[in-house]
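What follows is a single structure, written as structure tokens, with notes after it.
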Amino acid sequence: MQGTILVIDGVSTNRIILKVQLTAACFQVLQADSLSAAMALMKDNRPDLVLTAMTLPDGDAADVKRALDRVRHGVGVPVIALCPQNDRGTRIMALSAGIDEVLPLPVDDMILQARIRSLLRMRMQDDELHLREEGVAAFSVPLKDTAAAQITQSDATVALVCHDLQTAQKWKSRLSASVDFRLKAYNVDAIQDLMRTPVPDVIVIELNEHSAGMALRLLADLRARISTRDSVVIAVPNPADASIAAEALDRGAHDVLHCGFQVDELALRITAQLAHQQRAEMIRNTLRDGYRAAMRDPMTGLYNRRYARPFLEQVTQDAQSAGSNFAVMVADLDHFKRINDAYGHPVGDAVLIEAARRLQAELRGSDLLARIGGEEFMLVLPDLHPDEASTMANRLCRAISASPFVVKGCAQPLEVTISVGAIVAQQGTQPLSADDLFVAADRTLYEAKHAGRNLAAIKGLTQSAAA
């Protein structure tokens, strides 16, 4: 089954006809003859889409939308309303109430199926984002409340792409009286102009009878390109054509004006699509922030142990495949407890931050520096030969000890040193796990500590070194 659709209609004949159409397309169909019956069904079922009559015995399509929003697993479920006639005023009121689509009866099966497929694709993408958001929330800092975030659209750019520039300019003139977006007019050949940064937030494409083929190819191209794949694309068959509208949806259009160009309807659909796009972008930003918080040490900004371990595993696998060398180092600030005891933890924190900065400055772009404990750091350096590893380890020691740490709260600069234990995994060495490599480097660190501190101890990885 492709999904579950809840059909709500007080007329049994209408429900039967729709069930036959939808079942033939491999959808599971639930039926209700009223809003109250539909909400009773919702207690034990989670439909992927709701298909409702515009008027019901105990409400209307707008009431259905509001009722869904009051149920946790009903929020965001797409709603298509079926109207007895193609009434523009009724369609506008329904779209204003948050209904995703309004189709006239008798419903055209081609456009209905295409619209259902389009809305279900968007629903699945939303569900995936929310699942990731919940996963991040389980192991990171509290996430932003995206529902409460203020959505502003005044800076959005809308491109109007028509068969000829004259029509695009005419659409721009008519639409400018109804919206505050920045409007730009293009003809359908101007793909290079559309690709210029910054790309439009919304691209409205006319599907003219003379250029429908070219416009449909442009639509698919825009949805596939990295630069424009996040732009909202709205198709406008002009004149109205159900088959072209259906094809536009199947090629990736986010929305379609199946009744042709109408200013107020286009303004509503642009606003709704932008709101959806911005909510999704806020969730993506939250995900990025959450993953960053989960993988970074909040004080120094370095990666933490959770990130460093799989990074080391990957470097180990890559080196084994390529037959290359790499180094693992563990570094520890000497007598750090004395700094905390003598000057307090704020000074100790400042020393850690400056030490992290100095160590990071010595590394290559491919190297990893992570804070894995209080004053302990781990370094993973891919494609590094033994001589280079020795040079690097000694450079790290000098980077800390070469000049005193000037820290707010201390009258005198602080002399700080670090000890480094390094293991170099060479070509042909028996591969070890990340944990074994860390243990070997940590053991070498303690040799450096026992040898007097402020120095580096380096070993090639052998079976005896790892044992």
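Just so it is clear, the values below take in all heavy atoms, side chains as well, and ignore hydrogens, waters and symmetry mates.
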Going from CG on N187 to CG on L160, what distance comes out if it is rounded to the nearest 0.5 angstrom? 12.5 Å
Could you please spell out the steps behind the side-chain contact (heavy atoms from CB on, under 4.5 Å) verdict for W171 and V236? CA-CA 11 Å; W171 285 13; V236 184; 3.9 Å; yes
If the threshold is 4.0 Å, N to carboxylate O, is there a salt bridge linking D69 and R66? no
Quick check for you: to the nearest 0.5 Å, what is the distance between R15 atom CZ and D9 atom CG? 7.0 Å
For P200 versus S231, what's the shortest heavy-atom pair and its separation? O-OG, 2.7 Å
Verify, without hydrogens or angle tests, whether H385 (side chain) and S324 (backbone) share a donor-acceptor contact under 3.5 angstrom. no
Under the criterion side-chain contact (heavy atoms from CB on, under 4.5 Å), which of V79, I80, L249 is the partner of L119? I80
With a 4.0 Å cut-off, would you call R358 and E362 a salt bridge? no
Could you report the tightest heavy-atom contact between D367 and M392, atom names first, then the distance? OD2-CE, 4.5 Å
Identify the heavy atoms of V204 and I270 that sit nearest to each other, and give their distance. CG2-CD1, 4.2 Å
Kindly determine whether V179 and V158 satisfy side-chain contact (heavy atoms from CB on, under 4.5 Å), including the steps that lead there. CA-CA 10 Å; V179 299; V158 177; over 6 Å; no
With side-chain contact (heavy atoms from CB on, under 4.5 Å) as the criterion, how do V406 and E354 come out once you've worked through the C-alpha distance, each side chain's angles and the decisive distance to 0.1 Å? CA-CA 9 Å; V406 179; E354 173 61 14; over 6 Å; no
Salt bridge E101-R269, side-chain N to carboxylate O under 4.0 Å: yes
With a 3.5 Å distance limit and no angle check, can you tell me whether H73 reaches the backbone of M42 through a side-chain donor-acceptor pair? yes
Minimum-distance pair of heavy atoms, taken over all atoms of A235 and L207: CB-CD1, 3.9 Å
Testing the basics here: between A61 and A81, what is the closest heavy-atom pair and its distance to 0.1 Å? CB-CB, 3.8 Å
Should the pair R296 and Y303 be classed as cation-pi, given the thresholds of under 6.0 Å to the six-membered ring centre and 45° from the axis? yes
I'd like to know if R309 and D435 make a salt bridge, using a cut-off of under 4.0 Å between side-chain N and carboxylate O. yes
Nearest heavy atoms of V77 and L68, plus distance in Å: O-CD1, 4.5 Å
Is it true that D48 and R123 make a salt bridge, defined as a side-chain N closer than 4.0 Å to a carboxylate O? no
Around K184, counting heavy atoms of other residues, nucleotides and ligands shown, do more than 12 lie under 6.0 Å from its NZ? no
If we ignore hydrogens and angles and just use 3.5 Å, is the side chain of N304 paired with the main-chain N or O of Y307 as donor and acceptor? yes
Do D221 and R229 sit within salt-bridge range, that is, some charged N less than 4.0 Å from a carboxylate O? no
S118 side chain to A114 main-chain N or O, any donor-acceptor pair under 3.5 Å? no
Under the 3.5 angstrom rule, does the side chain of N45 hit a backbone N or O of L41 as a donor-acceptor pair? yes
Short N-O contact, R88 and D264, less than 4.0 angstrom: yes
L363/L359 under side-chain contact (heavy atoms from CB on, under 4.5 Å): CA gap, chis, key distance, verdict: CA-CA 7 Å; L363 302 183; L359 294 174; 5.8 Å; no
Any side-chain to backbone donor/acceptor pair from H254 onto V233? Under 3.5 Å, distance only. yes
M329: which of V380, I423, L381 passes side-chain contact (heavy atoms from CB on, under 4.5 Å): L381
